[in-house]
Number of protein chains: 2
Amino acid sequence: MTKGSKEKEEKERNQQGVLVLNKAVSLLMELSKFKYEAELSELAQRTGLNKSTASRILATLERWKLVRQNPSTRRFSLGHVLIHLGNLASSQLSLPELFHFRLEKLMELTGETASLVILDKDKAVYIDQVPSKSMIRSFPEVGASVYLHCTAVGKILLSGMPRERAEKLLESASLPAFTCKTITNPQALLKQIEEIKLKGYSVDDEETELGGRCIAAPVRNSRGDVVAAVGISGPSSRVTPERIPELAKIVIEVAKEISNELSLPSFTQK
Amino acid sequence: MTKGSKEKEEKERNQQGVLVLNKAVSLLMELSKFKYEAELSELAQRTGLNKSTASRILATLERWKLVRQNPSTRRFSLGHVLIHLGNLASSQLSLPELFHFRLEKLMELTGETASLVILDKDKAVYIDQVPSKSMIRSFPEVGASVYLHCTAVGKILLSGMPRERAEKLLESASLPAFTCKTITNPQALLKQIEEIKLKGYSVDDEETELGGRCIAAPVRNSRGDVVAAVGISGPSSRVTPERIPELAKIVIEVAKEISNELSLPSFTQK
DNA sequence: TTTCCTCATTTCACAATATGCAACGAGGTT
DNA sequence: AACCTCGTTGCATATTGTGAAATGAGGAAA
């Protein structure tokens, strides 16, 4: 990191809000980058704070156990109260509240509309979404539900079920064909689902609407169950077959980030 | 809560450290008590802070996403960065660092020496401990390892293994008798272990040393695996058979608290 | 619809409070 | 033993957070 960018950071920090708080959070954030413990001098240097200021702030945070100071080495690490607060935060926030900013990131990275979807009976329901900035963009609305058999997110949800349940669902439900590319044969779908499990992502190749392609990946809880799906959808002209691997990589990455943060003891759907 | 105690809280808060920080953390703590969202006025009232002060502090915390402000209702909840920090905190801290304060609590509640123990090969190793304040107290030292067959914590670790592994271990290892009460018959031990699984706690009834009794309970990760054991140990005169149920209840409670906070994605032993 | 509350936010003058320097005490290393 | 670097603290200064009141924004009641 150059000196210039550090000064810029400092400026930005002073821009708004309560100064001391910004300093304190800066310290927490810097501290969070360490694998184990960090010493005061380094933290002070990295945040651009005076050593005594950093010392006083860290001492205050230590009183609340937001940071821990190793009694023997006097080095700092994050404190156990943060774990407590983190757990409570995940119980206070709903899925979309928790991960909206990640969808924003996904949209920025891919340029396409990003969505978060969960299973509701035999449909996939959009619970959050960040629309693409392009003029030509995808359609889904929060709250809307779509079929499982012809959407990328739907296939991900199917791939997360026990095989028998997916079979039952596909055989009992009607599988309307929206385009000539829609797969309506349960056996063919089940075969594709096995492929999806291996690849880690799914594609809707104009199966819902001609001219639209989607890519999705699974969100898993700490037990490994698929609890949701994230995906992007855009016009076939931008989401070309050639770009699918590169885009899928991004979708999977974001889905994994969400999964990692979803390692919660008691997650309650809101 | 009375007005008096609130003023006292306020005094305490101003006692030491950076004032604004104490106020900010007070707000976070108060916010953490809510199931969903809280409004500024209530938070300000509960923490004894001026509304404008609270507003500024919360706005600053919101910029860092340590709290979230519902855009439509303007009510506050904990923010998603806390989840992130919580995860990192649990990766930075070792088991004893994470839970020392809980052992302190256990010691306070029971009056007896509290210990945290993990499995190492065919022994139980003390990785943390808070000694009783009594003159007559238990002996274990951090780093020391003890047998599984004659200690309360050891039996808990045995009860957490797949049955075959416990059998193998008990049959291949030598089971020295330290007192006349030590159980050295593998079959009898296995039977007791089944009981322990049902009751949720184990007892060492003078099996390691005459005049000493211990009670232990399992610490489980999010998958339900037993990853450690917490226990208390004290002289038979205080840890009487009659008190065992009440003491066991406390030990189990603390073990559960630890387990709940141990719902981490990537826990690495230090 | 209009009126009336209550809520969160912003303004501004004031003084309370965080700051940085320098000094200190404590470990660890050469 | 001498030296270096670490974290912490005292103190004078002014930077910075503060609270009362005003403002703006919703919602509920009439």
Side-chain angles (χ1 to χ4, degrees), chain A residues 6-7 9-28 30-31 34 36-79, chain B residues 3 6-7 9-28 30-31 34 36-79 97:
Chain A
K6 190 175 296 168
E7 276 169 8
E9 260 182 40
E10 216 172 322
K11 282 280 164 52
E12 216 168 275
R13 188 169 60 209
N14 297 2
Q15 213 73 357
Q16 299 182 52
V18 182
L19 204 55
V20 207
L21 265 185
N22 288 331
K23 291 176 184 173
V25 184
S26 292
L27 280 168
L28 276 180
E30 207 54 50
L31 195 50
F34 285 78
Y36 187 37
E37 294 175 336
E39 53 185 28
L40 174 62
S41 298
E42 182 151 19
L43 289 172
Q45 196 183 12
R46 290 218 210 181
T47 52
L49 294 174
N50 187 296
K51 238 180 23 167
S52 39
T53 302
S55 174
R56 271 185 291 252
I57 290 174
L58 286 169
T60 309
L61 292 174
E62 200 278 337
R63 285 187 57 222
W64 291 93
K65 306 299 173 195
L66 291 178
V67 306
R68 171 178 191 273
Q69 185 169 31
N70 189 320
S72 51
T73 65
R74 318 218 121 189
R75 292 158 71 95
F76 294 90
S77 51
L78 298 174
Chain B
K3 201 187 167 196
K6 190 175 294 165
E7 278 168 6
E9 262 181 40
E10 216 173 322
K11 282 281 164 55
E12 217 168 274
R13 189 168 61 211
N14 297 3
Q15 214 73 355
Q16 298 185 54
V18 182
L19 205 53
V20 208
L21 264 185
N22 288 331
K23 292 176 183 172
V25 184
S26 291
L27 280 168
L28 276 180
E30 206 55 50
L31 195 50
F34 285 77
Y36 188 37
E37 294 174 335
E39 51 185 30
L40 174 63
S41 299
E42 182 153 16
L43 288 172
Q45 197 184 11
R46 289 218 210 181
T47 52
L49 295 174
N50 187 296
K51 240 182 15 170
S52 39
T53 302
S55 175
R56 270 185 297 252
I57 291 174
L58 286 168
T60 309
L61 292 174
E62 201 278 336
R63 284 187 58 223
W64 291 92
K65 306 299 173 194
L66 291 179
V67 306
R68 172 178 191 273
Q69 185 169 31
N70 188 321
S72 51
T73 64
R74 319 224 114 187
R75 293 158 68 94
F76 295 90
S77 51
L78 298 174
E97 284 164 2

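Worth saying up front: this structure is predicted, and the values here are computed from it rather than measured.
The backbone N or O of Val18(A) lies less than 3.5 Å from a partner atom in the side chain of Thr60(B), making a donor-acceptor pair. One N or O on the side chain of Ser26(A) and one on the backbone of Asn22(A) form a donor-acceptor pair closer than 3.5 Å. Between the side chain of Gln69(B) and the backbone N or O of Arg74(B) there is at least one donor-acceptor pair closer than 3.5 Å.
Atom CG of Leu21(B) and atom P of dT17(C) are 14 Å apart (whole Å). We find that CG of Leu43(A) is positioned 15 Å from C1' of dT8(D), with the value rounded to whole Å. Distance CD1 (Ile57(A)) to C1' (dT16(D)): 13 Å, rounded to an integer number of Å. Atoms CD (Gln45(A)) and C1' (dG7(D)) sit 15 Å apart, rounded to a whole Å. Rounded to whole Å, the distance from CG on Asn22(B) to C1' on dG17(D) is 14 Å. In this structure, Leu27(A) atom CG and dG7(D) atom C1' are separated by 14 Å, rounded to whole Å. Remark: P of dC7(C) and CG of Leu58(B) are 15 Å apart, rounded to the nearest angstrom. Computed from coordinates, the Leu61(A) CG to dA18(C) P distance equals 13 Å when rounded to whole Å.
Residue contacts shown for Gln69(A) are limited to sugar-phosphate atoms, with no base heavy atom under 4.0 Å away.
For Lys51(A) against dG7(D), a side-chain N or O and a base N or O form a donor-acceptor pair under 3.5 Å. Counting distance only, with no hydrogens placed and no angle test, the side-chain atoms of Arg56(A) and the base atoms of dG7(D) include no donor-acceptor pair under 3.5 Å.
In terms of the side-chain hydrogen bond (donor to acceptor under 3.5 Å, both in side chains) criterion, residue partners of Ser52(A) (sequence neighbours excluded) are, by chain and number, Asn50(A). In this structure, the side-chain hydrogen bond (donor to acceptor under 3.5 Å, both in side chains) partners of Lys65(B), at least two apart in sequence or on a different chain, are Glu62(B).
Side-chain N/O atoms of Ser52(A) include none lying less than 4.0 angstrom from OP1 or OP2 on dT19(C).
From Leu58(B), atom CG reaches atom CZ of Arg75(B) across 13.0 Å, with rounding to the nearest 0.5 Å.
Where Ser41(A) and Val20(A) meet DNA chain D, the nucleotide closest to each residue was compared, and Ser41(A) sits on the side nearer the 5' end.
For Glu39(A), taking side-chain heavy atoms from C-beta onward, the closest of the listed nucleotides dA8(C), dG7(D), dT18(D) is dG7(D). Relative to the side chain of Ser55(B), the nucleotides dT18(D), dC21(C), dT9(C) differ in distance, and dT9(C) lies closest. Taking every side-chain heavy atom of Leu19(B) into account, dT17(C) is the closest of dT17(C), dT19(C), dT16(D).
No side-chain heavy atom of Leu21(B) sits under 4.5 Å from any side-chain heavy atom of Trp64(A).
Of the residues in residues 70-78 of chain A, not one places a heavy atom less than 4.0 Å from an atom of DNA chain C.
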